[in-house]
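Only one structure is covered here, and it is reproduced in the block below.
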Number of protein chains: 2
Amino acid sequence: MEDKLTQAVEDYLKAIYELSQTEGRASTSKLAEYLEVTPASVTGMIKKLASANPPLVDYQKHRGVVLTEAGMNEALETLRHHRLLELFLHDILGYPWDEVHEEAERLEHVISEKFEERIAAVLGNPKHDPHGDPIPRLDLSMPASAETRLSDLGKGDSGTIKRVRDTDADLLRHLSDLGVTPETQVKVVDYSDYDKNTHLKIKNQDEVVVLGQNITEQIYVEA
Amino acid sequence: MEDKLTQAVEDYLKAIYELSQTEGRASTSKLAEYLEVTPASVTGMIKKLASANPPLVDYQKHRGVVLTEAGMNEALETLRHHRLLELFLHDILGYPWDEVHEEAERLEHVISEKFEERIAAVLGNPKHDPHGDPIPRLDLSMPASAETRLSDLGKGDSGTIKRVRDTDADLLRHLSDLGVTPETQVKVVDYSDYDKNTHLKIKNQDEVVVLGQNITEQIYVEA
DNA sequence: ATATAAATTTAGATTAGCCTAAAGTTATTT
DNA sequence: AAATAACTTTAGGCTAATCTAAATTTATAT
Ligand SMILES: [Mn+2]
Ligand SMILES: [Mn+2]
Ligand SMILES: [Mn+2]
Ligand SMILES: [Mn+2]
């Protein structure tokens, strides 16, 4: 009942956590798509999670799952590993920010609590990963994270980039080329209602950058 | 035919490499003991290694295995990961030298070539791990390593500790407590033929340390 | 040359996580 | 309310790595 969780279980719990951020319960098909497995495989795994001791998810046939308290803690533990690793790979080993995710995805399941503790110490108990996502604290509580999208700013508004959706490596490369990275100060010098383009002045840069809505929706700022 | 090797396969190849250092071919029972699995499991795995494409071992029923060229390369690749990781955990993350092995044993199978390259760079392309064992080079050739045992020195001889067998965590803790670690200069101030004890003066230390033969046989020095 | 001991292999099972194909359930239209 | 579409579950199989128990082979000792 209290064996170490497998890699697959940890990835399912993390996926359920991520999907629950948007929708309420995580459905079989959404999970299947997210994890790139068949819906049948998801059903099988979900049953195991639900009948674990203690149960890791609350499962209702045909209407998906939510994490239990125990499941949530395991998900956050793995997420803490993941995000600490991403920052470690970036800051200490010099990985570009579009390459950290893949490596962290494997390492998160394998490092010990000691490794977690050591990299947290070396990094100075950081609050955010290289994409600005909050790192769960040691007690698994979550630091606040910016929720205002750049697409919601209007002409004349200014703020600091705080977070960028980390799912698309191409986008991440593109943004670091442009200089749009967390903690960068920016000002909206123009916004067009026709094409939804945001014209952005970036601190210490001359050229004004123009970003489409599909991009500005993935960037979060703080006034 | 050229799929990524599993963790189990990598550990078998590394074990065959280690055992071949001493005996010629690695026998089923020696492998079973080393890997803490049953002989039957070893037979099963050996057959797979032998019929892989390309074959990773040369197998002759009832007389064990030797690594093929391909198997040797895979073994050394994993060993390079392992020893770089040990040094990294010790030097960068501050692990004590008796705790690096266990963590490296899991991580060695999971890190990418990029991770290998980055820690090698951060460490300055090191030649030896924290126990003084040689780290295979990028081209998988092996740096020389000290082969004179401390037990072979006589009264009046002096030298530098170069390498310590890393299999016993208790011994490692004991030795670092005494100050017997690689690159330390020592002098044999006395040796007793009766109890095979070596009396050792350690540079920059006042107390003379007395070590039994079961310990001095596990320590390698250079004149 | 036989018997016994030691080492090795074979055979049959188990567990985790995945798959495909078929069957069943829920939601949406007409 | 029936038909259709979308989603979910069931059933049966597969692979990798392990195990136990039985059979076989090799080595050693009378
Ligand atoms: Mn993962
Ligand atoms: Mn991230
Ligand atoms: Mn290993
Ligand atoms: Mn070592």
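Just so we're clear, the structure is a prediction, and the values are computed from it rather than from any experiment. In what follows, every chain begins at residue 1, and chains take the letters A, B, ... in the order their sequences are listed.
- Note on residues 95-127 of chain B: pairs passing ring-ring contact (aromatic ring centres under 6.0 Å, His included), not counting sequence neighbours, are B:His82-B:His101, B:Trp97-B:His131.
- Taking all atoms of both residues into account, the shortest heavy-atom contact from B:Val221 to B:Ala146 is O-CB, 3.7 Å.
- For the pair A:Met45 CE and C:dA16 P, the computed distance is 10 Å after rounding to whole Å.
- Taking the charged nitrogens against the carboxylate oxygens, A:Lys162 and A:Glu183 do have a contact shorter than 4.0 Å, which makes a salt bridge.
- Not one side-chain nitrogen or oxygen of A:Thr43 sits closer than 4.0 Å to the OP1 or OP2 atom of D:dT8.
- Distance alone, capped at 3.5 Å, places no donor-acceptor pair between the B:Arg149 side chain and the B:Tyr220 backbone.
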Under 3.5 Å between N/O atoms: give me all the protein pairs with nucleotides 11-15 of chain D, atom names plus distance.
none

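- Contact detail for B:Leu67 and B:Ala75: the closest heavy-atom pair is CD1-CB, 4.0 Å.
- The separation between B:Arg25 atom CZ and C:dT8 atom P is 12 Å, rounded to whole Å.
- For A:Glu102, the CD atom is loosely surrounded, since the number of other residues' heavy atoms within 6.0 Å does not exceed 12.
- A heavy atom closer than 4.0 Å to some atom of DNA chain C occurs in B:Ser27, B:Thr28, B:Ser29, these being the qualifying members of residues 26-36 of chain B.
- Side-chain contact check for B:His81 and B:Glu86: no donor-acceptor pair (N or O, by modelled atom type) lies under 3.5 Å.
- Residues meeting the side-chain contact (heavy atoms from CB on, under 4.5 Å) test with A:Ala120, sequence neighbours left out: A:Arg80, A:Leu84, A:Asn125.
- Each salt bridge (charged side-chain N to carboxylate O under 4.0 Å, His left out) pair with one or both residues in residues 21-41 of chain A, not counting sequence neighbours, appears once here: A:Glu23-A:Lys30, A:Arg25-A:Asp58.
- Between B:Leu140 and B:Leu76 the shortest heavy-atom distance is O-CD1, 3.3 Å.
- Residue A:Glu113 qualifies as enclosed at atom CD: its count of foreign heavy atoms under 6.0 Å is above 12.
- When rounded to the nearest whole Å, the span between CG of A:Leu49 and P of C:dA16 equals 12 Å.
- Less than 4.0 Å separates DNA chain C from at least one heavy atom of each of the following residues of residues 56-67 of chain B: B:Tyr59, B:Lys61, B:His62.
- Contact annotation: A:Thr6 side-chain N/O to C:dA16 OP1/OP2 distance is not under 4.0 Å.
- For A:Lys4 and C:dA16, the NZ to P distance is 15 Å, given to the nearest whole Å.
- Taking 4.0 angstrom as the limit, A:Tyr12 places none of its side-chain polar atoms (N or O) nearer than this to OP1 or OP2 of C:dA16.
- Note: NZ (B:Lys47) to C1' (C:dT10) measures 7 Å, nearest angstrom.
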